[in-house]
Amino acid sequence: MSSSKKLELEIVALSHSVTQSHSYAVVLGEVNGVRKLPIVIGGFEAQAIAVALENMQPTRPLTHDLMKNMMTAFEVKLLEVVIHRIHEGIFYARLICQSHEDTIEIDSRTSDALALAVRFDAPIFTFENILDSAGLQIDENMPKEETEEKKIKTKMKSSDLVSMSLAELQQLLQDVLDREDYIRAAQIRDEINSRK
């Protein structure tokens, strides 16, 4: 695990992608902080998280419900989820589980880890260095006016990001954050990070 400071996150939003069909973003917010960590996930995982967040009871258990039922049957508790690494825009997570006297760390896709965290009401953590490199700071006091130029800019494809200067990327990042398009913001953030 990382040696930087461990920070708690909470799920603050689940949004549909405007730019990519069948893509969603789960937005994690820093507890007692202003940074947000948007993570692009698939439709199935978004559904699994939404079902648990809304306390819906499907007629048959979804995969993550089945996993929770099995863990509970074998007396395995999910203590916490830790998003411990980001590499080339992909987040890596671990489930910290307890079984009788043993504490076990299990590698997991971040989307699956979040779906289980919601079901177990387990805390979600990451590290300062991950929030520094991949988090987005959102100024709640920014006006949300949207000019025609901003609308055109946010419709650009990912390939268009490569041709933009760092200053243009920073401006575009602020524009899409003002519009709360976290998936687009994550793409721009990844392009900015790839140049560092």
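Reckoned from all heavy atoms, side chains included, excluding hydrogens, waters and symmetry mates.
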Heavy-atom pair with the smallest gap, counting every atom of A93 and A113
CB-CB, 4.0 Å
For H64 versus A48, what's the shortest heavy-atom pair and its separation?
ND1-CB, 3.4 Å
Does one hydrophobic cluster hold both F44 and M67, with members joined at side-chain heavy-atom distances below 4.5 Å?
no
Going from CG on L95 to CD on E105, what distance comes out if it is rounded to the nearest 0.5 angstrom?
10.0 Å
Taking only residues two or more places apart in sequence or in another chain, which ones pass side-chain contact (heavy atoms from CB on, under 4.5 Å) with E45?
I41, R109, S111, D112
Connected via hydrophobic side-chain network under 4.5 Å: V31 and V34:
no
Residues I96, L78; criterion side chain to side chain contact (heavy atoms under 4.5 Å, CB included); working and verdict:
CA-CA 6 Å; I96 311 301; L78 177 61; 5.7 Å; no
Which residues pass the side-chain contact (heavy atoms from CB on, under 4.5 Å) test with N32, not counting sequence neighbours?
none
Listed by chain and number, what are the side chain to side chain donor-acceptor pair (under 3.5 Å) partners of D132, not counting sequence neighbours?
R35
Hey, are the side chains of F120 and V81 touching, using non-hydrogen atoms and a 4.5 Å cut-off?
no
Output for pair (S165 OG, R195 CZ), nearest 0.5 Å, gives 7.5 Å
Taking only residues two or more places apart in sequence or in another chain, which ones pass side-chain contact (heavy atoms from CB on, under 4.5 Å) with A52?
V118, R119
Verdict with reasoning, I86 to T126, per side chain to side chain contact (heavy atoms under 4.5 Å, CB included)
CA-CA 10 Å; I86 180 172; T126 193; over 6 Å; no
Locate the shortest heavy-atom distance separating I124 from A117; write the atom from each residue and the value.
CG1-CB, 3.9 Å
Which residues pass the salt bridge (charged side-chain N to carboxylate O under 4.0 Å, His left out) test with D121, sequence neighbours left out?
none
If you round to the nearest 0.5 Å, how far is CD1 of I188 from CD of E168?
11.5 Å
C97 to I106 - nearest heavy-atom pair and separation
SG-CD1, 4.0 Å
Nonpolar side-chain network containing L66, other nodes, edges under 4.5 Å:
M70
Working to the nearest 0.5 Å, report the span between CD of Q98 and CG of L79.
5.0 Å
Ignoring hydrogens and geometry, is there a side-chain-to-backbone donor-acceptor pair from R189 to S133 under 3.5 Å?
no
For residues L116 and K68, report the shortest heavy-atom separation together with the two atoms involved.
CD2-N, 4.3 Å
Distance, nearest 0.5 Å, that separates CG of L173 from CG of L169
8.5 Å
Testing the basics here: between H84 and D107, what is the closest heavy-atom pair and its distance to 0.1 Å?
NE2-OD1, 4.3 Å
Is L28 linked to Y92 within one hydrophobic cluster, defined over Ile, Leu, Val, Met, Phe, Trp and Tyr using a side-chain heavy-atom separation of less than 4.5 Å?
no
Under the rule for side-chain contact (heavy atoms from CB on, under 4.5 Å), what residues qualify as partners of S99, not counting sequence neighbours?
V76, I104
Those residues that, when tested against E8, pass side chain to side chain donor-acceptor pair (under 3.5 Å) (two or more places apart)
none
Euclidean distance, M164 CE relative to L172 CG, rounded to 0.5 Å
4.5 Å
Can I39 and I83 be said to form a side chain to side chain contact (heavy atoms under 4.5 Å, CB included), step by step?
CA-CA 11 Å; I39 300 175; I83 300 168; 4.1 Å; yes
Which pairs with one or both residues in residues 71-82 pass side-chain hydrogen bond (donor to acceptor under 3.5 Å, both in side chains), sequence neighbours excluded?
K6-E80
V40 with I90, same ILVMFWY side-chain cluster at under 4.5 Å
no
Shared hydrophobic cluster for I192 and L136 (ILVMFWY, side-chain gaps under 4.5 Å):
yes
Excluding sequence neighbours, so at least two apart, what forms side chain to side chain donor-acceptor pair (under 3.5 Å) with R60?
none
Begin from the C-alpha positions of Q170 and Q174 and carry the test side chain to side chain contact (heavy atoms under 4.5 Å, CB included) through to its verdict.
CA-CA 6 Å; Q170 295 285 5; Q174 191 55 57; over 6 Å; no
Who are the salt bridge (charged side-chain N to carboxylate O under 4.0 Å, His left out) partners of E10, not counting sequence neighbours?
none
